[in-house]
Amino acid sequence: MNKFENYCTKFVQSIGSKEGAVSPAVVSSASFSYGSPETAEGIFNGSVKKPLYSRMGNPTTAKLESIIAEMDGGIGAVATSSGMGATTLAVMSLVSQGDEIISIGGLFGGTYSLFDETLSRFGIKTHFFDVDEFENIENTINDNTKIIFLESVGNPNMRLPDIEKIANIAKEKNIALIVDNTITPLSVSPLALGADITVYSTTKIISGNSSALGGCVVFRAINENDDKFKTKRYAFLAKFIKGAGKMALIPNAKKRALRDFGMSANAHASYQTMLGLETLALRLPRIVKNVEIIALELSKNGLHVNHPCLESHPHHTRYKEDFQYGCGTLLTIDMQTKERAYDFLRKTKLATITANIGDSRTLALHMASTIYSDFDEDTRKFLGITDGLIRISIGLENPQEIIEDFLKAAK
Ligand SMILES: *Cc1c(COP(=O)(O)O)cnc(C)c1O
């Protein structure tokens with residue numbers, strides 16, 4: 001069975017309850033009464049599995065976490081207040097002062113500035129590489145390297161990584177691989193390809209309708225025998241492995257990040273996210289098909305479209321072989337100059353001008369004047385941000401109507 005078809009059943013069946021309220025219950029309480037001092041003690045030492053306090057976990061959020069964990073084949077997940085919260089949680093649970101991160105691929109603006117500007121203030125250094133710089137990546141790994149970080153699709157440069165090959169480097173060198181899979185949930189399964197942790201902004205295609213900000217981090221199980229997380233590099237994990245066994249990455253992340261930084265999800269957002277998730281497997285294949293139809297047609301009509309479904313794209317073969325379920329909702333159009341890009345955005349009647357992506361509606365944004373406006377020229381060049389670049393996130397509309405609208409707007 002096609003992966004999307006399979007998940008159509010799974011999502012609706014696991015989100016709706018067979019007994020009592022069908023729609024998930026929203027438990028908005030910030031705190032939970034323990035009833036007795038013994039139960040309180042048990043909850044705090046982990047022997048009693050009941051809610052402690054909503055910063056550390058919430059029943060509505062827990063339902064979302066278990067569904068997303070299953071979607072990715074993880075042992076568990078932690079939902080967060082935003083996608084940046086998810087990246088911060090995953091990263092901060094593994095690094096301390098003096099550590100190094102290797103970041104591969106065209107990077108989401110917030111993640112780039114987290115690594116380049118914010119973490120560097122705390123003595124954590126990040127090395128940035130393009131997706132195919134395998135030799136440089138291997139040569140940069142040293143005793144302080146704690147994380148290889150990768151985006152499943154370069155946003156907005158549309159370059160595709162060889163995730164399996166990079167996962168093999170991470171495996172061989174015993175370094176944690178974190179994949180930001182925001183753009184390709186269901187389409188790409190990072191944990192199955194050898195990643196250790198997946199992060200999502202659920203704000204995007206998982207919710208799909210701009211109704212809730214959120215994020216989620218999925219963790220793999222610690223192996224019973226050899227495991228990269230049992231090596232000296234991750235010595236700080238030993239006590240969690242002793243206490244929680246194969247679940248260890250979750251209490252570590254909760255203690256190291258959720259408790260102290262407080263990027264916790266709230267129940268209402270988790271509920272809204274589940275409503276979106278319910279139809280993800282139905283929406284995504286439609287959008288992926290739309291993206292291909294639109295990219296081909298606009299390109300045929302002389303627009304400078306960047307998408308790996310086009311034969312001219314350097315990762316076209318990789319797209320055909322490794323991304324059989326597509327690479328999400330994005331494509332870019334280079335209008336060559338800022339003036340022409342603005343003209344296009346003024347004329348399009350269907351695209352909504354916003355910084356979001358992965359919506360049911362088609363969205364568009366000029367990159368250099370917005371998300372990347374405070375980045376210097378070299379960084380923009382590295383991230384593929386040209387003066388006329390417009391990022392488009394295709395929605396559920398009839399693709400012919402989008403094509404007509406865009407061709408008129410580009411005149
Ligand atoms: C949007 C996005 C994020 C950040 O998510 P927020 O929910 O906006 O905090 C991270 N990574 C990628 C690839 C994104 O598109």
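In what follows, residues are counted from 1 in the order of the sequence shown. Whatever order the structure lists ligands and atoms in, that order sets their numbers, starting from 1. These figures come from a predicted structure and were not determined experimentally.
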Exercise. Going by atom types only, do Thr354 and Asn356 share a side-chain donor-acceptor pair under 3.5 Å?
Worked result: no
Exercise. Quick one: nearest non-hydrogen protein atom to atom 12 (C) of ligand 1, plus distance?
Worked result: Asp180 OD2, 3.4 Å
Problem set entry | Residue from Asn181, Thr273, Val179 passing side chain to side chain contact (heavy atoms under 4.5 Å, CB included) with Tyr200 | Asn181
Exercise. Which of the atoms of ligand 1 are close to Thr203, meaning less than 4.0 Å from one of its heavy atoms?
Worked result: 7 (O)
Exercise. Which heavy atom of the protein is the closest neighbour of atom 14 (C) of ligand 1, given with residue, atom name and distance?
Worked result: Lys204 NZ, 3.0 Å
Exercise. Between Thr184 and Tyr325, do the side chains contain an N or O donor and an N or O acceptor separated by less than 3.5 Å?
Worked result: no
For this session: Please verify whether a non-hydrogen atom of Gly358 lies at under 4.0 Å from ligand 1.
Result: no
Exercise. Going by the atom numbers of ligand 1, which of them fall below 4.0 Å from some non-hydrogen atom of Asn155?
Worked result: 15 (O)
Problem set entry | Flag for Ser360-Asn209: side-chain donor and acceptor within less than 3.5 Å | no
Exercise. Looking at residues at least two apart in the chain, or sitting in another chain, which of them share a side chain to side chain donor-acceptor pair (under 3.5 Å) with Ser270?
Worked result: Thr61
Exercise. Under 4.0 Å from any heavy atom of Ile357, which atoms of ligand 1 are there?
Worked result: 15 (O)
For this session: Look at atom 6 (P) of ligand 1 and say which protein heavy atom is nearest, naming residue and atom and giving the distance to 0.1 Å.
Result: Gly83 N, 3.3 Å
Exercise. Is Gly85 close to ligand 1, meaning an N/O of one under 3.5 Å from an N/O of the other?
Worked result: no
Seminar exercise, completed: Quick note on ligand 1: atoms under 4.0 Å from a heavy atom of Gly214 include exactly 7 (O)
Exercise. What atoms of ligand 1 come closer than 4.0 angstrom to any heavy atom of Met84?
Worked result: 4 (C), 5 (O), 6 (P), 9 (O)
For this session: If you have a sec, work out which protein heavy atom is nearest atom 4 (C) of ligand 1 and how many Å separate them, to one decimal?
Result: Phe108 CE2, 3.4 Å
Exercise. Around Tyr34, counting heavy atoms of other residues, nucleotides and ligands shown, do more than 12 lie under 6.0 Å from its OH?
Worked result: yes
Exercise. Taking the inter-plane angle between the rings of Phe128 and Tyr112 on a 0 to 90° scale, is it parallel (under 30°), tilted (30 to 60°) or perpendicular (over 60°)?
Worked result: tilted
For this session: Examine Ser201 against ligand 1 and note whether any of their N/O atoms are separated by less than 3.5 Å.
Result: yes
Exercise. When you check the gap from the basic side-chain N to the acidic O, do Arg391 and Asp334 get nearer than 4.0 Å?
Worked result: no
